[in-house]
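Structure first, then comments.
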Amino acid sequence: KSVMDGEKLYLECRVKGIPEPSVSWQRNNVPLRNSAGVQIQTVGDRASLSVARATQGDGGTYTAIAENKIGRDTTSSFVTVEEILDKPQILDPLREQTVADGSRVRFETRVKGTPDPKVTWFVNRRELRPSRGVVIEATRDRHSVALETVRVADSGTISLEAVNKAGRATAE
């Protein structure tokens, strides 16, 4: 069984026996109990387990164990919680700027994607790295680069690349 990250995980099985069996659940051989995000119940001959918002850590082998004084039976299901992937998007275009020799220039944009994209800045296709004269900042979806003291020789094109598992996006 496969569910997407953040979706509800629901497992159900039918249980019969005389005397009526009790049902317990395990994930990867670890007993599960009712909790804030996990609901276990048996109604009539149906035993169920639900996880309100599954995460990748909820993946694994789930086993329902039915037991009475006569014996025991189990059924298992392997569950995969798939990561939601969203290709990077650059939400704000970079604006052309003209500044005086020796002044500071800053470029800013917003980037989204799942998982969070890795953002790399470039000037004239050369990667910029944080240094004494280069300040690169990222807070949630906001990304910026500041060049502290630009010279006429620094004239050129600022660009960025945002990359994650789902793809890449670029802007100049």
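Heavy-atom basis, side chains included; hydrogens, waters and symmetry copies ignored.
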Checklist line | By side chain to side chain donor-acceptor pair (under 3.5 Å) - contacts of S144 (at least two apart) | finding: R106
Check: Who passes side chain to side chain donor-acceptor pair (under 3.5 Å) against Q41, sequence neighbours left out?
Finding: Q39
Item checked: For E161, side chain to side chain donor-acceptor pair (under 3.5 Å) partners two or more places apart -> R168
Margin query: Please report the interatomic distance CG(L85) to OG1(T114), rounded to the nearest 0.5 Å.
Written below: 8.0 Å
Next item on the list: Kindly give the heavy-atom pair with the smallest separation between A54 and D5, and that separation in Å.
Entry: O-OD1, 3.1 Å
Next item on the list: Mind checking side chain to side chain contact (heavy atoms under 4.5 Å, CB included) for E82 and listing every partner two or more places apart, or none if nothing turns up?
Entry: S2, M4, T80
Notebook entry, point to check: Which pairs count as salt bridge (charged side-chain N to carboxylate O under 4.0 Å, His left out) when at least one residue sits in residues 34-62, sequence neighbours excluded?
Noted result: E12-R46, R14-D45
Notebook entry, point to check: Can you name the closest pair of heavy atoms from R27 and G59 and give their distance?
Noted result: NH1-O, 3.7 Å
Check: Between OG1 of T120 and CG of L160, what distance do you get to the nearest 0.5 Å?
Finding: 8.5 Å
Check: Hey, is CG on N28 packed in by over 12 heavy atoms from elsewhere, all under 6.0 Å?
Finding: yes
Margin query: Using modelled atom types and a 3.5 Å cut-off, is there a donor and acceptor pairing between side-chain atoms of D86 and backbone atoms of A166?
Written below: no
Next item on the list: Considering only Ile, Leu, Val, Met, Phe, Trp and Tyr, and joining two whenever side-chain heavy atoms are under 4.5 Å apart, list the other residues clustered with V79.
Entry: V3, L9, L11, V15, V23, W25, L32, V38, I40, L49, V51, Y62, V81
Checklist line | Closest non-hydrogen atom pair between A146 and R104, with its separation | finding: CB-NH2, 3.3 Å
Do any side-chain atoms of residues 121-140 form donor-acceptor pairs under 3.5 angstrom with protein atoms, and if so which ones, sequence neighbours left out?
unit_1	atom_1	unit_2	atom_2	d
N124	OD1	T157	N	2.8
N124	ND2	S155	O	3.3

Check: Which hydrophobic side chains are connected to V30, either touching it within the sub-4.5 Å cutoff or through other members that do?
Finding: none
Side-chain donor-acceptor contacts of residues 65-77 below 3.5 Å, not counting sequence neighbours, with atom names and distances?
unit_1	atom_1	unit_2	atom_2	d
N68	OD1	I70	N	2.9
N68	OD1	G71	N	3.0
N68	ND2	P19	O	2.7
S76	OG	T63	OG1	2.8

Check: With V105, which residues qualify under side chain to side chain contact (heavy atoms under 4.5 Å, CB included), at least two apart?
Finding: Q97, V99, F107, L147, V150
Margin query: Could you report the tightest heavy-atom contact between V111 and A162, atom names first, then the distance?
Written below: CG1-CB, 3.7 Å
Next item on the list: Over all heavy atoms of both residues, which pair between N164 and K87 is shortest? Give the atoms and the distance, please.
Entry: OD1-CA, 4.3 Å
Check: Between T42 and A47, what is the shortest heavy-atom contact and its length?
Finding: OG1-CB, 3.8 Å
Margin query: Could you work out, with side chain to side chain donor-acceptor pair (under 3.5 Å) as the rule, every residue matching Q89, not counting sequence neighbours?
Written below: none
Next item on the list: Under the side chain to side chain contact (heavy atoms under 4.5 Å, CB included) rule, collect the residues that match up with R110, sequence neighbours excluded.
Entry: L91, D92, D141, R142
